[in-house]
Amino acid sequence: MTALSDHPATLYEPLEHGKVRCTACARYCVIPSGSHGFCFVRKNVGGRLVLLTYGIASAVQVDPVEKKPLSHFHPGSRVLSIGTVGCNWRCQYCQNADISQEREITGRALSPQTAVRWAKRYGCQGVTFTYNEPTIFAEYALDVMREARAAGLFANFVTNGYMTPEAVAAIGPHLDAVSVDFKGSGEAGFLRKYVTAKGPEPIFATAAGLRTRGVHVEITDLIVPDVGDSETATRTLARRIVEDLGPETPFHLLRFHPDYKMMDLPETPISTLERLHGVAKGEGLDYVYLGNVWGHPLEHTYCPKCGALAVERYGFTIASWNLDAKNRCRRCGHTIPILGSLPQDYRPAFATPIA
Ligand code: SF4
């Protein structure tokens, strides 16, 4: 399906001899005429950059917002999740490699207007760009976000954060929340070896830049056993989150499952996650969560002042809500920084593919 593709990109600059420099992600690909960038979806056509995946979705699904994961942003809401093909990283354990590493432009037509119509039809309160890296299709995401905001919906990115300042400036004003996923705790050696990124500084700059623009930021870190579970790396990342974003920033340590080219590693031991949780808490972060460990007590939110159970979770479902109407702890009155509140008529949402 190609009806909406070949859309002009805006995040680029022309160079001499018909080349262009893409300014969407921190790779800053210099692309000769007739060639693609590293992500395969941005192409130089006669000295102009075009986005080949504009309006072509590879996956569309209704999800609970907790699945992103976003634990302090409109809890209990539903989002229309949209992904395309391609990616600017090559994570060796990618759980969506069938779409993120796809080099053919495949999917179904989904105009920004239709995306928002579907979101409303399926009872969603927002749209989320996820499954592959949304920065590479920023121009499409921006048009969906404009439509979404006009319709009263919020917009989120699930991103590796490897953006440029130009992309942050373009996207930030239209975003409401972002889940920034550090791989290997952002340790430079891990990024080079397992995801083909040079280092973490662009990711830190993206998180801070979006935060400065008023975007709600949560940080995740998938803990890969043996090769990406260092206490030192977790400590360094946690310290940086406290310094750059503040101690109230939610931090999610996610359990690894074997996938794609890393099938020979086991799942992350629960004891490793618990140990790293202690490391992150020790650096002063108030809200550290374990993910992909359904039924674990560290999925819940605890009041950092009195220790009371504030929000009880089971996976992506909220099991009990122990905050008052202003999100204050019912025991000690401390305000828990959660945007929005659990709807009175909350019913758990389950991931539902619709295209
Ligand atoms: S989005 Fe990144 S990987 Fe894709 S063309 Fe632009 S700079 Fe290259």
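FYI, side chains are in, hydrogens and waters are out, and symmetry mates aren't considered; it's all heavy atoms of this structure. Numbering of ligands and ligand atoms starts at 1, following listing order.
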Open item on the list: List ligand 1 atoms under 4.0 Å from I136, heavy atoms only on the residue side.
Closed with: 1 (S)

Open item on the list: On the six-membered ring of F204, is R240 placed so that its NZ or CZ lies under 6.0 angstrom from the centre and within 45° of the ring axis?
Closed with: yes

Task: Exam field: side chain S179 to backbone V158, donor-acceptor pair closer than 3.5 Å - done: no

Open item on the list: Can you confirm if the NZ or CZ of K281 lies within 45° of the ring axis of Y289 and under 6.0 Å from the centre of its six-membered ring?
Closed with: no

- [ ] Please confirm if an N, O or S atom belonging to C29, backbone or side chain, lies less than 2.8 Å from atom 8 (Fe) of ligand 1.
- [x] yes

Open item on the list: Under a 4.0 angstrom heavy-atom cut-off, which atoms of ligand 1 come close to C22?
Closed with: 1 (S), 5 (S), 6 (Fe), 7 (S)

Open item on the list: If the cut-off is 2.8 Å, does any N/O/S atom of C39 fall short of it from atom 4 (Fe) of ligand 1?
Closed with: yes

- [ ] Using a strict cut-off of 4.0 Å, indicate which atoms of ligand 1 neighbour a heavy atom of R27.
- [x] 3 (S), 7 (S)

Task: Shortest protein heavy-atom distance from atom 5 (S) of ligand 1, along with the residue and atom involved - done: G37 CA, 3.6 Å

Open item on the list: Check this for me: does any side-chain nitrogen of one of E231 and R235 sit under 4.0 Å from a carboxylate oxygen of the other?
Closed with: yes

Task: Protein heavy atom at shortest distance from atom 2 (Fe) of ligand 1 - done: C25 SG, 2.3 Å

Task: Student check: side-chain heavy atoms of T317 and P64 closer than 4.5 Å - done: no

- [ ] Distance to 0.1 Å, residue and atom name: give those for the protein heavy atom nearest to atom 1 (S) of ligand 1.
- [x] R42 CD, 3.5 Å

- [ ] May I ask you to establish whether R90 and Y260 are in a cation-pi arrangement, using a distance under 6.0 Å from NZ or CZ to the six-membered ring centre and at most 45° from the ring axis?
- [x] no

